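Remarks on the structure that follows.
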Amino acid sequence: MKYIYLDHSATTPVDPEVAELMMKYYVEYYGNPSSVHYFGRQVKKALEEARSQVADFIGANVSEITFTSGGTEADNLAIQGAARAQAKKGKHLITTAIEHHAVLDTFKYLAKNGYELTVLPVDEDGLVSVEDVAKAIRPDTILISVMHANNEVGSIQPIAEIGKITREKGILFHVDAVQSLGKIPVNVQDLNVDLLTISSHKIYGPKGVGALYIRKGVKISPLVFGGSQERKMRSGTENAPGIIGFGKACELASQRMAEESKKLTKLRDMLIDGILTKIEHVKLNGPRGDKRLPNNVNVSIKYVEGESLLLSLDMLGIAASSGSACTSGSLDPSHVLLAMGLSHEVAHGSLRFSLGRQNTEEDINYVLQELPKIVDRLRAMSPLYAKANCQNS
Amino acid sequence: MKYIYLDHSATTPVDPEVAELMMKYYVEYYGNPSSVHYFGRQVKKALEEARSQVADFIGANVSEITFTSGGTEADNLAIQGAARAQAKKGKHLITTAIEHHAVLDTFKYLAKNGYELTVLPVDEDGLVSVEDVAKAIRPDTILISVMHANNEVGSIQPIAEIGKITREKGILFHVDAVQSLGKIPVNVQDLNVDLLTISSHKIYGPKGVGALYIRKGVKISPLVFGGSQERKMRSGTENAPGIIGFGKACELASQRMAEESKKLTKLRDMLIDGILTKIEHVKLNGPRGDKRLPNNVNVSIKYVEGESLLLSLDMLGIAASSGSACTSGSLDPSHVLLAMGLSHEVAHGSLRFSLGRQNTEEDINYVLQELPKIVDRLRAMSPLYAKANCQNS
Amino acid sequence: MYSEKVIDHFTNPRNVGEIENPDGVGQVGNPKCGDIMRITLNIENNIIKDIKFKTFGCGAAVATSSVVTEMVKGKTLEEALAITNAQVAEELGGLPETKMHCSNLAADAVHAAIKDYLKKQTKV
Amino acid sequence: MYSEKVIDHFTNPRNVGEIENPDGVGQVGNPKCGDIMRITLNIENNIIKDIKFKTFGCGAAVATSSVVTEMVKGKTLEEALAITNAQVAEELGGLPETKMHCSNLAADAVHAAIKDYLKKQTKV
Ligand SMILES: Cc1ncc(COP(=O)(O)O)c(C=O)c1O
Ligand SMILES: Cc1ncc(COP(=O)(O)O)c(C=O)c1O
């Protein structure tokens, strides 16, 4: 069977060049970077090289990069760390309704432990309004966190504009750029951010590695204590092969991004247009055009449920994901789709295709050929569709 | 130049079999284990297989294993997590003076934030007394943490006996078994522990992976919030290749441990006896015999400083480590050696050789041939040695 | 994740559809939870003669609906009422833990249809 | 970590030893910190004619001791007193950050030896 991977927002394969490089640091140059001897020094050097590859990719200084075990930890470090370090200054935090759980759940934890939280709404395209942010600010606001691009619907937020406001007011601004990195430019200067989260496994680097950009002069408290690695911001023996792989993945992404994003945008629009044309009762979730990530397609296919769509696609070798509650084991469907105003049943029938480096027009055509048949079959089974049809006729 | 790696307590090379397996999961089976599709399911299965390899190796149940980004994070999760979860029950914590910084610094952080800490002393061999533990317990004691084997001097603590007491009193007992795993039996039932930390890169697995054993029924608070992975104890996309590598490393270690430890014990004693015989004014740090890890040698070579010993060894291709402050960038030498009663200057001159899988008698002979010459050279340069010699004569 | 039997019932569901003029109709779940099952059945001499289902829901929901129709077809009402959701899951070789409470409602749907039938009977 | 020049001076230290009947002796550091440097020197007509060092300490400590003896040999006392620890580090092509404050005391040791000499002079 042919396998078509269209779930790159969940994770990506490691680039072979990256994997090969990592292998060397697992087996051959395996020292602990803190060691003074030959084995350690070699690794230390490669680790610092990786730090500058990562820093370069986001327009930061090497001393502003703290490596973590992934995007989730970086989000937690930024948010818990900033909240704790500034607890004496104020207790008010601001975020949005469509953040990743790594951000949202961390804020909710803080809200249960003495902080106050404002969660901003989004419009029907999944976009936050700059005005809403400005209006939510209070004298005791200490941290604002808004994601760069949403992982479910690909909506790109007005980060630079929000950053202007936070800078004026002297409030720390954290941005989760896990999904935008490698797809659209991410530059900490242009975006006016103080803290920025990125993750390796979304850009063809290894899982289990991420980084937090911490603007020079910004003080946050560490989460994890111990050996004083990463300038005491993140103790623990460094995952050197992972970090070195992440560095390489950043370098490759910076070389390939322009061309790749052009290609992905074309495939994306082909898939969106194809689905909207070939299947009835379908809604595109998220904006069209420049405000959407080049690789994101998210549609709600009414009267059918997301997991059974996924399962049917999977049987044909097509890997996608859904905003259905059934895929997460919880009862509620995607908080992002609900925040955009979708009803529960429509949100349950949503499907995300996230494109990547190896995808081709052929892949898209295959999906466009098979998906309508799947939808027909499931709708024939659906008690909602029957009713809808009766009502329509 | 021939390189001889004698710093296995700092980190180990990844076993080629482990590295090869990981490679597959970086490049080929790269799905996110949370995904329902083919790519995700494959990885999920391998991940759970790894969990049972790890669980088997320490006599635990699969549901009692939480994967983390390393030993440091596991220590933090255990200690911060247990302290927070039991804050209402009491605020008193007990640990020892020779713990790894991942434990000690975490306790010190808590001690600055509303908890009370008792730090137990050790004897001149670096051993904790069971009686001291018993005497330190108060009605409001909520957590006791004692390492299984010390990373600097290899002393093996009476964990099972301490565990009997903590169990009787109903106090949570955490054990850092990072250094003992793979060298001596580590069984959570025999040791009577509630929480146990292990780390992959010390047993020929990849860096950036560790695990916390959490006995069934024990409640601790998570450090990191987000996607609810690891039964909500540790959110974040799983480092699947790393975890799968750790599982394999546990399996290999369990097969090889008995034979390997016999070999290492022999080499260890050869090195200790050789150094004590060939060099004057040398002190062995830590116990001899069964109470010492099979792979640990730690000596203080008086009148010379540790880093210049390391540097000189390094020039001959021999990788070791030292308890010198100079290697850590702080002013104080090893807190472990000081806790054992060594003076600052003697502690500064300490050297650790930690043996591993590939080491041979030849390696040991090479060290025994070169080390005396290095010591002679450095002592000739040392103002302390001159004085000592004058006093002696 | 799913057993082969679940996948089989999901791919080739038995007794899909809606009986015209059914003796009993049962519908459980609601779209908020992402699972709705609708059972229609015909009953003759206290025995389920025919049964069909329609389901909006995940793979587990479809498979449990399909298998329950096989389990109760030809059975007496008492026998059908004795079948539990847990037995349905067992018949499928088990379900993932997360599916046990929200998508495993097929027996409930059958019971609802039978009760609908019984209610109509008493009214007559 | 260390520059080539540091390694060179560590491996082949210049002027190691102790001058018998020196004109001045300087010792800085203490064993608690892990670094002790002892400088002995002979002075003739306000010029450092001979200088030797002994050092207990890390690579940086040995190298700075060694290079400082080269830097001041043949210099006037005023010239030698003007040399700073920072200049010594620079002469070695820089030192790791962590070594800058604790192991970079060689100039201090020389200054101490010169002051010892000057003190003896005034006493005479
Ligand atoms: C927007 C966003 N933030 C954070 C994360 C978490 O990153 P990681 O998977 O590296 O923990 C993800 C991915 O799951 C994401 O899409
Ligand atoms: C005893 C002990 N505990 C904890 C750690 C920390 O583990 P890791 O290096 O995986 O963070 C180490 C190793 O550095 C150790 O030796």
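Each chain gets a letter, A, B and so on, in the order the sequences are listed, and its residues count up from 1. Since the structure is predicted, the reported quantities are computational estimates derived from the model, not experimental observations.
The side-chain heavy atoms of A/Arg234 and B/Ser69, taken from C-beta on, include a pair separated by under 4.5 Å. Two residues are said to be in side-chain contact when any heavy atoms from C-beta on lie closer than 4.5 Å; A/Tyr26 and B/Pro13 fail this criterion. Side-chain contact between A/Ser235 and B/His101 is absent, with no heavy-atom pair separated by less than 4.5 Å. A/Val224 is listed as a side-chain neighbour of B/Leu223, based on a closest heavy-atom distance under 4.5 Å.
Here the side chain of B/Glu238 pairs no donor or acceptor atom with the backbone of A/Gly208 at under 3.5 angstrom. Put simply, the side chain of B/Lys207 gets close to the backbone of A/Tyr30: a donor and an acceptor are under 3.5 Å apart.
B/Ser9 contributes atom OG, which lies 11.0 Å from atom CG of A/Asn32 (distance to the nearest 0.5 angstrom). For the atom pair NE2 of B/His201 and CG of A/Asn239, the computed distance is 9.5 Å after rounding to the nearest 0.5 Å. We find the CG-NE2 distance between B/Leu310 and A/His37 to be 8.0 Å, quoted to the nearest 0.5 Å.
Checked against a 6.0 Å centroid threshold, the rings of B/Phe107 and A/Phe225 do not count as neighbours.
Looking at A/Tyr109, only its side chain comes within 4.5 Å of chain B, counting heavy atoms on both sides. Contact of A/Met22 with chain B is made through the side chain alone, with heavy-atom distances under 4.5 Å. For a residue to count as touching a neighbouring chain, one of its non-hydrogen atoms must lie under 4.5 Å from one of that chain's; by this rule A/Thr12 touches chain B with the backbone only. Heavy atoms of A/Pro206 lying under 4.5 Å from chain B belong to its backbone as well as its side chain. Heavy-atom distances place the side chain of A/Ser35, and not its backbone, under 4.5 Å from chain B.
Heavy-atom pairs under 4.5 Å with chain B were tallied for A/Gly31, A/Pro241, A/Ser228, A/Gly242; the largest tally goes to A/Gly31. Interface summary for chain A: among B/Asn76, B/Thr11, B/Thr72, B/Asp105, the most heavy-atom pairs under 4.5 angstrom belong to B/Asn76.
Classified by interplanar angle (parallel below 30°, tilted 30° to 60°, perpendicular above 60°), the ring pair B/Tyr38/A/Tyr3 is parallel.
In plain terms, the two heavy atoms of B/Glu20 and A/Met23 that are nearest each other are N-CE, 3.8 Å.
Counting non-hydrogen atoms of neighbouring residues, nucleotides and ligands closer than 6.0 angstrom, the NZ atom of A/Lys2 exceeds 12 such neighbours.
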